[in-house]
2 protein chains.
Amino acid sequence: MDDWNDLRLVLAVARAGSLTGAAEVLRVNHSTAFRRLGSLEQRLGVRLFERLPGGTYLATAAGERAAAAAERIETEAAALGRDIAGQDVRLTGRLRVTSSETLAFRLLTPAIRRFRDAHPGITVELVIDNRVLSLSRREADIALRVMRPTEGELHGRKLADIAWTVYASRELGASGEDGLGALSHLPVIGWEDGVRGINAAEWLDRHVSDTQIVYRTSSVVNQLVAAKAGLGAAVLPCYLGDPEADLVRLFDPVRELARELWIVTHADLRRTARVRAFLDIVGEALIAERALLTGMDRPAEQTTGGYKADAMTSG
Amino acid sequence: MDDWNDLRLVLAVARAGSLTGAAEVLRVNHSTAFRRLGSLEQRLGVRLFERLPGGTYLATAAGERAAAAAERIETEAAALGRDIAGQDVRLTGRLRVTSSETLAFRLLTPAIRRFRDAHPGITVELVIDNRVLSLSRREADIALRVMRPTEGELHGRKLADIAWTVYASRELGASGEDGLGALSHLPVIGWEDGVRGINAAEWLDRHVSDTQIVYRTSSVVNQLVAAKAGLGAAVLPCYLGDPEADLVRLFDPVRELARELWIVTHADLRRTARVRAFLDIVGEALIAERALLTGMDRPAEQTTGGYKADAMTSG
DNA sequence: TCCTGCGCTTGCAATCCTGCAAGCGCCCTT
DNA sequence: AAGGGCGCTTGCAGGATTGCAAGCGCAGGA
């Protein structure tokens, strides 16, 4: 097999289940992917995928065999790439970082600006994606995550706790009721129905009835904008809500909603010069914002009724 | 690492120890290899090879790491290639066969002609190489070898014994002496000094003095031509010597010189349709030549003095 | 039943990669 | 010391591959 790169295509199609999905992952045109797969199947004299109606590509036995081999090759190539990158002493080149949209919106841009000022030869690509990108497969070099890394080969550093609470516009928040009372009848901004894996969305499901949620969006920045516009109350991280003079807290930060901010890379990349530089500079810049992240720098008059967060915790 | 094919280049350079050698193995232009290696090193930001005077490329630590990964990838890709090829039911496409020059010269061409007549859609590439090509790495699909395969994953079939003996031109062989007597003072045609791994060459080292060897060449067909021209006596396989009316045997076939003819493929390719077809047709064609291969179809008058081969065996 | 959106397929032009060719440098042999 | 051979390097042209664009078909929803 003289073209190992074709196996990347096979693996991408097997994973994506479609040709266009694979083309996207590989960043090639779908017509290119179409031709390369056809050419490969012709050279091998075997069908790797059944084409099903609706564009679904289903791996045949040979396709599964090829995808399995490609996955092992990918693991080998990724480890090699990390090893080599891990020894890279240059403070130039490209750095791929993944983060949440809200962190990017409020905190990362100035931090990345400082990093770029210190290292103008490094290009930062900030990927804001709903998917959790794989650091093992080098879909990103560095991730800012809201939980401790669990995979053995990832290396992370906790930067701060992240406080969350419920916000409303001054108009909606001026009801005179305490936070809990207000939340029980205000219109509420939330996530899509049945969303999983987002702690704030799950908390909301437990504490407000479905009929109160009048606006749903997966974009937390969008929820911020909607809250400011008076559409309803929203559950937001304090670093997002507190700087907004138009918003008031309905509660002090809610312990159940608290998260941790981690900055994570693959163990093999820890010694890559530009990775270390980013971890240092951006890590310190975020640590400097601890007061904001933990909800500690907002004056009490911005919380309607001064309701204590601890009363909200269950179990 | 987005270009897995570059790793083939790294592996080839590591193995060949030179850029031009690697280019040859990969069947690309040396200028292409030069540019691709340079481009890869630039993208990775690391030197994979030290360039030494005289064109030697010596792998750096990173180069060794990359070559090791590439070797594992190669093993994976080769196994995949064999698996897929092993299920190939087409009687079309390319078949790569390796054999000795003498077999090709005397026996294979008519056999391959019969094979091609039966399967005109199959292209046969016959590689005559001093190196033993790897069937595991699919440097060839089928090999004709003079010894039983020892690697576990090769599958072979013994076709015949191969008899060898010493030939001379009618003029040189008309001395009236018995074979042993004649060999002790005739000029002799041989291999390069100190050659290893060729049984006939080692036998010659034991039985004639260095000073008798007046012509040396690694090409056994060339030795045949030289013997016919009367340059000296030559050790030849009977299938090469016996059909030549210009030559006479100095001995009956010598037991020490005997070899076995095996037709070998990788176990994974046994069920490939065109491989099976080749094994069947060419295997049968060679078996049909058993009399010639074993030296059994030559009349006694073509052996000077009728000297019995067994007298020649030592130990 | 019709329309829209998504995926497939292919022609064409642009871009990129490769081979060819030539020149340079170095080393070895005469 | 000179010449030849081998490997390196690079410009240029040609071919191969890719992206763009457009058309087709199918499925799902209105």
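So you know, we letter chains A, B, ... as the sequences are listed, proteins then strands, and number each from 1.
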*For A:L37 and D:dT18, what is the distance between atoms CG and P respectively, to the nearest whole Å?*
13 Å
_All salt bridge (charged side-chain N to carboxylate O under 4.0 Å, His left out) counterparts of B:R116, not counting sequence neighbours_ = none
*Looking at residues at least two apart in the chain, or sitting in another chain, which of them share a salt bridge (charged side-chain N to carboxylate O under 4.0 Å, His left out) with A:R65?*
B:D83
*Before accepting this row, confirm whether a basic side-chain N of the pair A:R216/A:D210 lies closer than 4.0 Å to the acidic partner's carboxylate O.*
yes
_Assess, by modelled atom type and distance only, whether the side chains of B:S39 and B:R43 contain a donor and an acceptor separated by less than 3.5 Å._
yes
_For A:R36, all residues meeting side-chain hydrogen bond (donor to acceptor under 3.5 Å, both in side chains), sequence neighbours excluded_ = none
*B:F49 has an atom CZ; how far is it from atom C1' of D:dG7, in whole Å?*
16 Å
*Whole angstrom is fine here: how far is it from CZ in A:R51 over to P in D:dC24?*
22 Å
*Check every strand shown and say whether A:R35 touches a base, only sugar-phosphate, or nothing at a heavy-atom separation below 4.0 Å.*
base
*Does A:Y57 have any ring-ring contact (aromatic ring centres under 6.0 Å, His included) partners at least two apart in sequence or in another chain, and if so, which?*
none
*Contacting residues from residues 56-63 of chain B, given that a heavy atom lies under 4.0 angstrom of DNA chain C*: none
*To the nearest angstrom, how far is B:R36 atom CZ from D:dC8 atom P?*
15 Å
*Got a sec? Which of residues 11-28 of chain A come in under 4.0 Å of DNA chain D, heavy atoms?*
A:V28
*Scan for salt bridge (Lys or Arg N to Asp or Glu O under 4.0 Å) pairs involving residues 9-22 of chain A, sequence neighbours excluded, and state none if there are none.*
A:R15-A:E71, A:R15-A:E74
*Pairing residues for B:F105 by the ring-ring contact (aromatic ring centres under 6.0 Å, His included) criterion, not counting sequence neighbours*: none
Output one line per pair: protein atom, nucleotide atom from nucleotides 21-25 of chain C, and distance, for all N/O pairs under 3.5 Å.
none

*With sequence neighbours excluded, what pairs up with A:S134 under the side chain to side chain contact (heavy atoms under 4.5 Å, CB included) test?*
A:S136, A:R137, A:E139
*Apply side-chain hydrogen bond (donor to acceptor under 3.5 Å, both in side chains) to B:R72 and list each qualifying residue two or more places apart in sequence or on a separate chain.*
A:E76
*asked:* Going by side-chain hydrogen bond (donor to acceptor under 3.5 Å, both in side chains), name the residues that satisfy it together with A:E41, two or more places apart in sequence or in a different chain.
replied: A:R51
*Rounded off to whole Å, could you give me the CG-to-C1' distance for the A:N5 and D:dT17 pair?*
13 Å
*In whole Å, what is the span from the CD atom of A:E50 to the C1' atom of C:dC8?*
16 Å
